[in-house]
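Notes to accompany the following structure.
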Protein chains: 2
Amino acid sequence: MPSPGDPDDALALFEGFLKRKGLKTTAQRRTMVRRLLERTGHFTAVDVHEGLKDEGEPVSLATVYRTLGLLEEAGLLQGHDFDDGQRRYERAHTREHHEHVICLDCRAVVEFQSPEIEALQDQVLAQHGFRMVHHSLTMFASCETLRATGTCARREAERRAGAPRTPPRRT
Amino acid sequence: MPSPGDPDDALALFEGFLKRKGLKTTAQRRTMVRRLLERTGHFTAVDVHEGLKDEGEPVSLATVYRTLGLLEEAGLLQGHDFDDGQRRYERAHTREHHEHVICLDCRAVVEFQSPEIEALQDQVLAQHGFRMVHHSLTMFASCETLRATGTCARREAERRAGAPRTPPRRT
DNA sequence: ATAGGTGCAAAACCTTTGCGCTGAC
DNA sequence: GTCAGCGCAAAGGTTTTGCACCTAT
């Protein structure tokens with residue numbers, strides 16, 4: 001069965017989604033599915049727009065925004081808000097769902113998984129009579145704090161590489 | 001001892017914070033502390049600006065933004081991002097920390113507490129060598145889903161009243 | 001043929017900033 | 001008297017939209 005983690009199946013899934021909504025498969029949409037699903041880490045609309053331009057397959061920024069929205073709606077991308085004023089996306093279902101730790105000083109993003117937290121969230125929400133569609137748990141820590149504990153977010157993040165990073169916007 | 005939950009103590013706390021940073025206590029800052037700490041629910045900068053104007057104590061939007069930032073830094077307000085493009089604030093420490101459920105259709109916000117989730121977050125993060133500064137867990141659900149389970153976010157939210165609500169921005 | 005899509009430029013939004021004047025300390 | 005803060009208007013940055021032309025179905 002098709003899984004969104006496989007680039008080939010991803011395109012098929014997206015085309016099915018489009019067909020169901022009476023929308024069309026265009027060159028730009030195919031390009032974006034192909035390119036985005038080979039990416040790792042988090043990216044903004046502008047990242048995508050510039051990346052595609054550099055790779056010789058330019059897509060207008062307006063279309064990038066429109067298509068990112070569709071891809072999120074189709075469940076191929078997951079959107080996040082890290083409080084820095086830009087929406088960020090990452091591939092969905094590429095691996096187990098994970099939570100994010102943001103360094104308040106350098107804006108590095110560290111990820112980790114916790115099946116226990118997952119399970120507890122579902123369970124508690126169910127107790128309140130809700131069924132979760134998706135969720136976002138972001139924890140904020142400061143470099144100073146991390147340094148004191150011997151683990152710096154910046155160092156962790158650099159070890160991975162690949163995840164785009166932004167300098168802090170405010171003091 | 002002063003608690004930020006008490007409006008009188010809140011002003012004292014804020015003045016201490018300002019003094020420590022070499023900043024000044026002004027009429028606008030006092031007004032905002034007084035008015036904001038008698039609010040319930042979540043509010044945006046624009047909500048605050050319009051509210052103060054209506055109450056006959058206008059403060060410019062620029063100052064509202066500047067002061068909200070200070071109040072968050074001082075720990076009197078807690079900021080949230082609900083993915084609707086505007087930063088929202090609420091009083092900090094008014095009651096136990098709580099998580100948010102957002103209705104994807106009507107943007108209603110429902111809150112609930114879960115000491116279990118709290119504890120588990122701290123514990124898991126500690127296992128990874130981090131110390132949490134603060135966190136934000138937002139769960140998204142759709143009205144349709146909620147209706148199917150017999151609990152509608154809109155109905156829950158209306159029962160409370162007081163919390164500012166925004167119509168959905170996108171289709 | 002007929003929607004829907006694209007690119008461009010303009011608009012919309014939210015938030016921040018520059019600046020001259022005011023006011024707290 | 002100084003330095004920070006205020007209001008205003010302008011600038012910034014991100015995302016959305018109107019429109020004329022294009023293209024998948």
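Here is how names work: the chains are called A, B, and so on, in the same order as the sequence lines, proteins then strands, and each is numbered from 1.
One interatomic measurement links the two molecules: CG of B:Asp81 to P of C:dC13, which rounds to 19 Å at whole-angstrom precision. At whole-Å resolution of the value, CG in B:Asp84 and C1' in C:dA12 are 15 Å apart. In this structure, the CZ atom of B:Arg20 is 18 Å from the C1' atom of C:dC25, given to the nearest Å.
Every side chain to side chain donor-acceptor pair (under 3.5 Å) that A:Glu72 has, sequence neighbours left out, goes to A:Arg87. With sequence neighbours excluded, the residues satisfying side chain to side chain donor-acceptor pair (under 3.5 Å) with B:Arg35 are B:Glu38, B:Glu55, B:Glu57. Here A:His135 pairs with A:His97 under the ring-ring contact (aromatic ring centres under 6.0 Å, His included) rule; sequence neighbours left out. For B:Ser60, the side chain to side chain donor-acceptor pair (under 3.5 Å) test picks out B:Thr63, with sequence neighbours left out. In this structure, the side chain to side chain donor-acceptor pair (under 3.5 Å) partners of A:Ser114, at least two apart in sequence or on a different chain, are A:Glu116. Among residues two or more places apart in sequence or in another chain, the side-chain contact (heavy atoms from CB on, under 4.5 Å) test is passed with B:His49 by B:Lys53, B:Leu61, B:Val64.
Pairs of residues two or more places apart, or lying in two chains, never qualify as salt bridge (charged side-chain N to carboxylate O under 4.0 Å, His left out) while including a residue from residues 58-70 of chain B. Applying the salt bridge (charged side-chain N to carboxylate O under 4.0 Å, His left out) rule to pairs touching residues 18-29 of chain B yields B:Lys21-B:Glu73, sequence neighbours excluded.
Proximity of A:His100 to A:Glu90: side-chain heavy atoms (C-beta onward) are separated by under 4.5 Å at one or more points.
In terms of position along DNA chain C, the nucleotide closest to A:Leu18 lies nearer the 5' end than the nucleotide closest to the other residue of the pair B:Thr26 and A:Leu18.
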For nucleotides 1-3 of chain C, tabulate all protein N/O to nucleotide N/O atom pairs closer than 3.5 Å, reporting atom names and distance.
{"from": "C:dA3", "atom 1": "N3", "to": "A:Lys24", "atom 2": "NZ", "distance (Å)": "2.5"}

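Here the side chain of A:Gln86 is nearest to one of D:dT25, C:dC25, D:dT15, namely D:dT15. The side chain of B:Thr25 has C:dC25 as its nearest neighbour among D:dG7, C:dC25, C:dT6.
Under the 3.5 Å distance criterion, the side-chain polar atoms of B:Arg91 are matched with a main-chain donor or acceptor of B:Leu37.
Between A:Gln28 and the phosphate of D:dT23, there is no side-chain N or O to OP1/OP2 separation shorter than 4.0 Å. For the OP1/OP2 pair of D:dA4 and a distance below 4.0 Å, the side-chain nitrogens and oxygens of B:Arg29 include no atom meeting the criterion.
The aromatic rings of B:Phe43 and B:Tyr89 sit parallel to each other, their planes meeting at less than 30°, with 60° as the upper class boundary.
Listed in residue order, the members of residues 61-73 of chain A having a heavy atom less than 4.0 Å from DNA chain C are A:Ala62, A:Thr63, A:Arg66.
The overall bend of the helix from C:dA1-D:dT25 to C:dC25-D:dG1, read as the angle between its terminal helix axes built from five base pairs each, is 40° when rounded to 10 degrees.
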